[in-house]
Amino acid sequence: MRVFVSGAAGRVGTGAVAAFLKAGFSVTGFDVRPSGRAAAGYTDHVGELENPADVARAIVDTDIVIHLGAVMSWAPTDQARMQRANVEGTRVLLDAASQAGVRRFVFASSGEVYPETAPEILPITEDHPLKPNSFYGLTKLLGENLVRFHQRMGAMETVILRFAHTQDAEELLDEESVFSGPRFFLRPRIRATETIGNRDLAERLRRNDPGVPAHVLARNKDSRPYMMHITDTRDIVAGLTLAAEHPDAAGATFNLGATEPVEFGWLLERMSAITGYPVVPIDFPGPGVRYRTSNSRIRTRLGFEPQWTVERMLGEAAAARKARVMG
């Protein structure tokens with residue numbers, strides 16, 4: 001059986017390819033850049049999702065598609081690129097998969113379709129209203145609608161997975177990580193805030209710089225620490241493998257992520273104990289990020305059980321940070 005993985009050179013794609021190869025599948029990887037993988041049973045294709053010719057060459061003899069490839073950005077200048085890759089690319093891949101006789105198409109969506117950062121109801125279930133407030137979230141919702149259209153109109157089974165925030169464990173304490181740096185470290189947060197043009201907030205952050213490397217504890221206008229789900233890449237990959245083959249996944253939509261959210265006050269205290277950096281609390285305007293998303297449906301229906309708690313991830317992060325410092 002052959003699995004096609006778009007976004008094969010990315011964080012989740014790399015893990016997914018490895019998992020399917022280990023399970024005995026033949027795998028075709030597809031990305032805009034080479035994956036660098038050389039393994040028995042693996043074929044690498046470089047191309048663009050929105051290019052029908054690129055996709056058609058790669059998807060021959062495919063049984064299952066895992067569609068991870070996408071552009072994620074909150075910069076207005078990237079909107080056209082997201083439209084091409086996330087919407088038109090998904091349409092092209094769906095059409096090619098249908099024409100090639102693919103049995104099942106698994107689509108990686110996002111909690112941005114709700115969005116999780118502005119919940120109307122808690123916990124957030126798959127029945128929560130879909131009102132994305134980012135262009136990235138909008139492209140994911142449009143992608144979901146294309147997937148549902150194919151489910152209604154053809155014989156191909158489809159599965160939609162709404163990913164929680166995903167990280168490799170070793171990234172948690174890495175100031176250079178595009179995810180953890182601006183989220184948990186003060187100076188990377190300042191740089192990221194300046195990049196998106198929010199100079200007033202960047203200046204507020206800079207005024208609180210203690211003059212040494214520091215963590216930033218993000219709190220809302222009421223001084224309540226942010227709270228969100230952080231999911232290890234390996235758990236996301238485990239959910240993908242279930243969605244690829246489980247008979248009860250066909251036609252369904254699932255939240256895929258950690259069972260429990262983590263509050264940043266608790267997390268930053270433990271990060272600080274590892275790094276030795278002080279924690280600088282900053283109250284941000286508005287209600288901030290505080291949500292709880294239910295993964296009950298995928299746990300009950302498919303038997304998904306996350307294995308990588310934040311505590312376990314932090315243990316790996318501490319070891320990785322020590323290796324970076326010593327190396």
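This structure is a prediction, so every number in the text was calculated from the model and none was measured.
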Participant: Could you tell me whether a side-chain N or O of Arg219 sits under 3.5 Å from a main-chain N or O of Gly265, the two making a donor and an acceptor?
Facilitator: no
Participant: Name the one of Asp31, Val27, Leu240, Val106 that satisfies side chain to side chain contact (heavy atoms under 4.5 Å, CB included) with Val5?
Facilitator: Val27
Participant: Do any N or O atoms from the side chain of Arg292 and from the backbone of Glu260 form a donor-acceptor pair under 3.5 angstrom?
Facilitator: no
Participant: Compare every heavy atom of Pro115 with every heavy atom of Pro132, then report the nearest pair and how far apart it is.
Facilitator: CA-CD, 4.1 Å
Participant: When rounded to the nearest 0.5 angstrom, what distance separates CD in Glu311 from CH2 in Trp266?
Facilitator: 4.0 Å
Participant: Where do Asp78 and Ser73 come nearest, in terms of heavy atoms and distance?
Facilitator: OD2-OG, 2.7 Å
Participant: Relative to the ring of Phe179, is the ring of His165 parallel (under 30°), tilted (30 to 60°) or perpendicular (over 60°)?
Facilitator: perpendicular
Participant: Is the His45 to Phe4 ring centre distance short of 6.0 Å?
Facilitator: no
Participant: For the CG atom on Asn133, are there more than 12 heavy atoms of other groups (residues, nucleotides or ligands in this structure) within a distance under 6.0 Å?
Facilitator: yes
Participant: Does Glu120 CD have over 12 foreign heavy atoms under 6.0 Å away?
Facilitator: yes
Participant: Is it true that Asp222 and Arg224 make a salt bridge, defined as a side-chain N closer than 4.0 Å to a carboxylate O?
Facilitator: no
Participant: Given side chain to side chain contact (heavy atoms under 4.5 Å, CB included), test Asp54 with Phe30 step by step and report yes or no.
Facilitator: CA-CA 9 Å; Asp54 288 350; Phe30 187 93; 4.0 Å; yes
Participant: Contact between Phe107 and Thr158 at the side-chain level, heavy atoms closer than 4.5 Å - yes or no?
Facilitator: no
Participant: Quick one: OG1 on Thr139 to CD on Glu144, what's the gap to the nearest 0.5 Å?
Facilitator: 10.5 Å
Participant: Is a side-chain N or O of Asp63 found less than 3.5 angstrom from the main chain of Met1, in a donor-acceptor match?
Facilitator: no
Participant: May I ask you to decide if the ring planes of Tyr114 and His128 are parallel, tilted or perpendicular, using 30° and 60° as cut-offs?
Facilitator: perpendicular
Participant: Is a donor from one side chain sitting under 3.5 angstrom from an acceptor on the other, for Thr90 and His67?
Facilitator: yes
Participant: I'd like to know if the side chain of Asn198 pairs up with that of Thr193 as donor and acceptor (distance under 3.5 Å, no hydrogens or angles considered).
Facilitator: no
Participant: Is any NZ, NE, NH1 or NH2 atom of the basic residue among Glu316 and Arg234 found under 4.0 Å from an Asp or Glu carboxylate oxygen of the other?
Facilitator: yes
Participant: Can a cation-pi geometry be assigned to Arg321 and Tyr277, taking NZ or CZ under 6.0 Å from the six-membered ring centre and within 45° of the ring axis?
Facilitator: yes
Participant: Salt bridge between Lys140 and Glu112, side-chain N to carboxylate O under 4.0 Å?
Facilitator: no
Participant: Between Arg104 and Glu245 (salt bridge meaning N to carboxylate O under 4.0 Å), is one present in this structure?
Facilitator: no
Participant: Locate the shortest heavy-atom distance separating Glu170 from Ala320; write the atom from each residue and the value.
Facilitator: CB-CB, 3.5 Å
Participant: Can any side-chain N or O of Arg189 pair as donor or acceptor with the backbone N or O of Pro182 at less than 3.5 Å?
Facilitator: yes
Participant: According to the interplanar angle, ranging from 0 to 90°, do the rings of Phe185 and His215 count as parallel (below 30°), tilted (30 to 60°) or perpendicular (above 60°)?
Facilitator: tilted
Participant: Check whether Ser180 reaches the backbone of Glu171 with its side chain - one donor and one acceptor, N or O, closer than 3.5 Å.
Facilitator: yes
Participant: Using the rule that Ile, Leu, Val, Met, Phe, Trp and Tyr join whenever any side-chain heavy atoms are under 4.5 Å apart, tell me whether Val60 and Val102 fall into a single cluster.
Facilitator: no
Participant: In this structure, which one of Val17, Ile64, Leu21, Thr28 forms a side chain to side chain contact (heavy atoms under 4.5 Å, CB included) with Val3?
Facilitator: Ile64
Participant: For Asp95, is there an ion pair with Arg91 - N to carboxylate O distance below 4.0 angstrom?
Facilitator: yes
Participant: Applying a strict under-4.5 Å side-chain criterion to I, L, V, M, F, W and Y, I'd like to know whether Leu314 and Tyr226 cluster together.
Facilitator: yes
Participant: Salt bridge or not for Glu203 and Arg206, using N-O below 4.0 Å?
Facilitator: yes
Participant: So if you build clusters from Ile, Leu, Val, Met, Phe, Trp, Tyr with side-chain heavy-atom gaps below 4.5 Å, do Phe163 and Leu49 land together?
Facilitator: no
Participant: Under a 3.5 Å cutoff, is there a donor and acceptor pairing between the side chains of Ser223 and Asp283?
Facilitator: yes
